[in-house]
Amino acid sequence: MLRPNLPSPAFKKILIANRGEIALRIHRACRELGIATVAVYSDADRAALHVLESDEAHWLGPPPASESYLRGDLILDIASRTGADAIHPGYGFLSEDADFAEACEHAGVKFIGPRASAMRALGSKTSARRAADAVGMPRIPGSTCALASLAEAYAVADEIRYPVMLKAAAGGGGKGMRAITRLEDLQAAFEAAQSEALRAFGSDEVYLEKLIERPRHIEIQILADEHGNCLYLGERECSVQRRHQKVIEEAPSAVVDPALRRRMGEAAVRLAQSQGYTNAGTVEFLLDDEQNFYFLEMNTRLQVEHPVTELVTGLDLVHLQIRIAQGEPLPLMQDDIHLRGHAIECRVYAEDPDNGSFPSPGRITRLLQPGGPGIREDCGIYEGWVVPMEYDPMLSKLIAYAPTRELAIARLLRALDEYVIGGIRTNLGLFRRILSDEDFRTAPIDTGFLDRLLAQSPSAAAAGDETVAAVAAAFFENARSIPAPASQTVGSAWKSAARREGLR
Amino acid sequence: MLRPNLPSPAFKKILIANRGEIALRIHRACRELGIATVAVYSDADRAALHVLESDEAHWLGPPPASESYLRGDLILDIASRTGADAIHPGYGFLSEDADFAEACEHAGVKFIGPRASAMRALGSKTSARRAADAVGMPRIPGSTCALASLAEAYAVADEIRYPVMLKAAAGGGGKGMRAITRLEDLQAAFEAAQSEALRAFGSDEVYLEKLIERPRHIEIQILADEHGNCLYLGERECSVQRRHQKVIEEAPSAVVDPALRRRMGEAAVRLAQSQGYTNAGTVEFLLDDEQNFYFLEMNTRLQVEHPVTELVTGLDLVHLQIRIAQGEPLPLMQDDIHLRGHAIECRVYAEDPDNGSFPSPGRITRLLQPGGPGIREDCGIYEGWVVPMEYDPMLSKLIAYAPTRELAIARLLRALDEYVIGGIRTNLGLFRRILSDEDFRTAPIDTGFLDRLLAQSPSAAAAGDETVAAVAAAFFENARSIPAPASQTVGSAWKSAARREGLR
Amino acid sequence: MKLEVEIEGRLRIVELAPATSSGQYHVTLDGQPLEIEARMLRPGVLSIIIDGRSHRVVLEDDAPAINGNDHALYLDGRRFPYRIEDPRSLKTRRAHAGGADGPKVIKASMPGRVVRVLVERGQAVEANQGVVVIEAMKMQNELKSPKAGTVTEMRVVPGDTVTVGDVLAVID
Amino acid sequence: MKLEVEIEGRLRIVELAPATSSGQYHVTLDGQPLEIEARMLRPGVLSIIIDGRSHRVVLEDDAPAINGNDHALYLDGRRFPYRIEDPRSLKTRRAHAGGADGPKVIKASMPGRVVRVLVERGQAVEANQGVVVIEAMKMQNELKSPKAGTVTEMRVVPGDTVTVGDVLAVID
């Protein structure tokens, strides 16, 4: 049962230090809780949906993130000028910047997330690994801290046995990662990983782990209040990845049973509590094919894929983040958390499938969006909007909920059939392919699934009838050569139709 | 737990004998189950969304329903020509026409609904009242069959005591209804009700009931398979009515506790089972302020407001209707049904609030639709579409789901803020008023709530700033006097913005 | 550009002038200066930021001319009918609107089909007597005479389709 | 109206003629007659019913001219690039497209900003040698020389913003 709210100093105004779909999603939560919102925007985002929907909107700077959305000083200044009680950082940008969280604390503005100290302890991969070891959490055999030298790398690899994996300590997104199957490849991989890590993250610290073959990526959502209570909200399966980026996420996982969920959940809670963690966070694990799980890292913020957890638990994570930050105790207990049904999310990107999946910014000339039962879209676009070239290519998250995994897949395919984004290229076709794939449907997926799928050539039987397409092309050309009709009929017959439809 | 599917002769194609949002909603369910769809349409609906989305579309006839959507003979002919295995009638039109259901049985096309015999036994108010008496269901004191004369009316009223209510036996929607508080008003009311019933339904049969003061309208959703299993899926609260038409529906009811839910649910199941009822149905009750419930009538079809039940049970009623019609046993048992969270639905109508709420058909010039967490829209409109004058003015159903009633109300208000329908007038403003009303929020509502609310003048503090409106009007006029801009900036400055946004 | 906007029963005087940087405008409203950032997102959909407050405004360009308003816009869920014109013609029209005397036209207040005509040309009618019944979306609307008088014109017959503002009859 | 549509690598000949009743068309596709019911729902969104099959087709009118296609449309979730022209100019263009010889232009295949220029005018390049690096949405794309030769033109410098199809360099 939901506990009644305790009296607490409620926020009156929140500054949302982000853009795109997540800024809009946070704005909606604030609206629902009766809290005014302040949007911030760069020159590229004056016409973005998060600016249009917010109560207040303030200009930050030029398009590059380093001159706008990463300028914590400007953002704190706007928070102070507008009298915002709190700042929600979303994901990306400043969301995992402990210095910014600390600056908020000093400025007397509540940062909606963990305290800077917990963020530092769990945000870096190496310090998080030490914390995980301290609470006895299983993790992949390997070095706890950065490798001091190539010699140490040889020693660790020898101890844990090949195949092994090199990773950047400060990293993410696959940068600085190298798989090594034989001793003789280690030196070259070590040097390449170091230089890639340095370029990407400004630090050449790398560490070494046993390579888990065909692993699944499973993560546990946690929520902790400022009174010592901490809950786990079940797992998300994020094994469908490309270039180490998540493409499709779902909840629950098809391979996690209640006993395993409980073991993973309790381990995640122990880790968070050991560092005084508060607010929402996610503990990421690899799961091998014998149901062993290994700690990977912790994300000290709201995740992109939080909606699938919301749909199966019936909770609203952003509402709860705000209530926690207001100092309220969690309104429920672990026994109140029940998973029901199945949810799957697609990350819709502006990318060109015919051109190496490179980004495809530009104007959205037509937009037909899906709807109806079980479909949620968290989106930051509209027809006529120009998707800027400066930021992440994510346009929207399309999420289906249904009683079973099979029906959630069918529902998502139905919604994809209704979805048209014209003017820019998108990965909508990729989701059709994944969701129709037999391996995906029967669920023996691992983090290598998508790369294997994409290595095959697409099945010949693509949808869409060429004859109809050719005829339609002729109709469009015909319409181009005559004045734009004022009614719904092609060409000159429109007047009679207008009359029939009661428009005269 | 969901039981595994049993093998059964699955439908390959379903004809949807309806239009508007419900036709689209059924199409989506078919798509999700891998079943092809056949749409039918009148001249007024060639460009309607249900025609555009369906796999096949066939013309029925001129706009009047009597010449199109009520032509069961034409519809059966199309079903036969297209090889449809089944017909889903939606609500309204042929959905409660037992003769049509029988004609389908004879033609070897499955009617997705109860058998004609059960429809006849429970569809008429007077025969349903006899069936309710037979299973010991509480009902409002009064006459079981049509009153033979004014003298009988006096006798019944004397026995059950004033105030009393006259109702049309064949009726619905408030037509032929008269409340009588004193003996001396009975004769005039009797004659008026008879003539109104005759005009509206072709039958002047009326009956008399005790008037329940400040009643709530509570209804129970049931589902029955063709193997004798019957479930209740909780209640819906539909007390917010205007001219006896439902305006807002929610699930669960704020005043129904688990014990009352069970008593009402079991009574509804007993009634359905006594007549061999199959498929989805709804038993409507009045609830007085002492938690006594009285049988009102049964609707032998899917209801407009079924989505609120879907959201709190996590089930899909149209999927289950189709599976039942395919001969499958229900995939769950009564103990599997758990209500979670709260859902509220608004029926969005084309009607003019400044003009007595009269219908407002016409072209939709702008459409901005809400989205995001917890919002479902079942809708049959799009920007540019001409809402025809021949049919029901319902445009869309906007539904919010949230963990609590308080948050569902807040979420719906948030979604209403995002919603703009231009070109025709709608009742969107009415929902803002209802949902902000203190009585609605604290839930002491009854079927007279809305009439009382509308009798008050709206509070002066309406949203929207006049200054901003005046300035915006000037900008629109300014834009009218210059050529349509090709970019997102007002007026002549657009070129520099286009360059800045990377469009040159 | 200087405009007179009649909105919510008030006449507001608005002057617009583009400022130096794109999207910025110097605006005066009834003589008070305002600094405004405005973008037309697409025709009929406007974003305005005034003093940090963000507003999305939607124009209803095909709005029927009920109550004599030519246009309407939507702001924060509220519909604002408005009219823009130069002061001279506005005064002229007001002067012509006249009092209760003179012929009165009965106009369709909703689109629909004429189902019944209750009076005929030359017939005497009372104030509030029904004149024509229009039906749309299964609802009927009886239009009544605004005053006692004589039906001098009856322009529709049953079965006609009418739209908002069409003149149905004249009473004098 | 007779049109030649180049779509999915085939040239299709389509003739359209309105039939008597509204929305009905006599169409022939490669000489085969089809009876078609068509409505333009709004510019660029078309509903077609052929033999009872209902299709919604969406035109992508601002489509970039990648692969030499001028237009594209969406049908059942699939994108169809196409080109419409009269047969004479099509043949002409094909004749001019030429073989592997002659100067080659390097065009931007995505919109973005030039972050690095890897060669300079007059420099000799190998086939597949990197020429220009473009960045958009945090991803970089290195454009390579289609053949061995000499850079005869370099039209961009780091910091330039380019759109699809812009010529960046010429190799001969």
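Letters A, B, ... mirror the listed sequences (proteins, then strands); counts begin at 1.
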(Q) Is there a side-chain contact between A:R243 and D:M139 in this structure, where contact means two heavy atoms from C-beta onward sitting under 4.5 Å apart? (A) yes

(Q) Under 4.5 Å from any heavy atom of chain A, what part of D:R53 do you find: side chain, backbone, both or neither? (A) neither

Q. When rounded to the nearest 0.5 angstrom, what is the spacing between CE in D:M110 and CD in A:E351?
A. 12.0 Å

Q.
Applying side-chain contact (heavy atoms from CB on, under 4.5 Å) to D:E135 and A:M389, what does each step give before you reach the verdict?
A. CA-CA 8 Å; D:E135 179 175 284; A:M389 68 169 72; over 6 Å; no

(Q) Less than 4.5 Å to any heavy atom of chain D: does that hold for the side chain of A:A350, its backbone, both, or neither? (A) both

Q) Which pair of non-hydrogen atoms, one from D:M137 and one from A:P393, has the smallest distance, and what is that distance? A) SD-CB, 3.4 Å

Q. Given a strict heavy-atom distance threshold of 4.5 Å, which part of D:Q24 is in contact with chain A: side chain, backbone, both, or neither?
A. neither

Q | Carboxylate-amine/guanidinium proximity below 4.0 Å for A:E477 and D:K2 | A | no

Q.
Could you go through D:I36 and A:V471, starting from their C-alpha distance and side-chain angles, then the distance that decides it, and tell me whether this counts as side-chain contact (heavy atoms from CB on, under 4.5 Å)?
A. CA-CA 9 Å; D:I36 285 181; A:V471 171; 3.5 Å; yes

Q) With a 4.5 Å limit on heavy-atom distance, are the side chains of A:E390 and D:R113 in contact? A) yes

Q.
So does D:E60 get a backbone contact from the side chain of A:R366, meaning a donor-acceptor N/O pair under 3.5 Å?
A. no

Q. Taking all atoms of both residues into account, what is the closest heavy-atom pair of A:A469 and D:I7, and its distance?
A. CB-CD1, 3.7 Å

(Q) So for D:V57, is it side chain, backbone, both, or neither that comes closer than 4.5 Å to the heavy atoms of chain A? (A) both

Q. Between the main-chain N or O of A:T467 and the side-chain N or O of D:R12, is there a donor-acceptor pair closer than 3.5 Å?
A. no

Q) Is it the backbone or the side chain of D:L34 that comes under 4.5 Å from a heavy atom of chain A, or both, or neither? A) side chain

Q.
Is D:L29 in contact with chain A via its backbone, its side chain, both, or neither, using a 4.5 Å heavy-atom distance?
A. side chain

Q. Side chain, backbone, both or neither: which part of A:I424 has a non-hydrogen atom closer than 4.5 Å to chain D?
A. backbone

Q. Any idea which heavy atoms bring A:P359 and D:A136 closest together, and the distance?
A. CG-O, 3.2 Å

Q | Close side-chain approach of A:Y419 to D:Y74, heavy-atom, < 4.5 Å | A | no

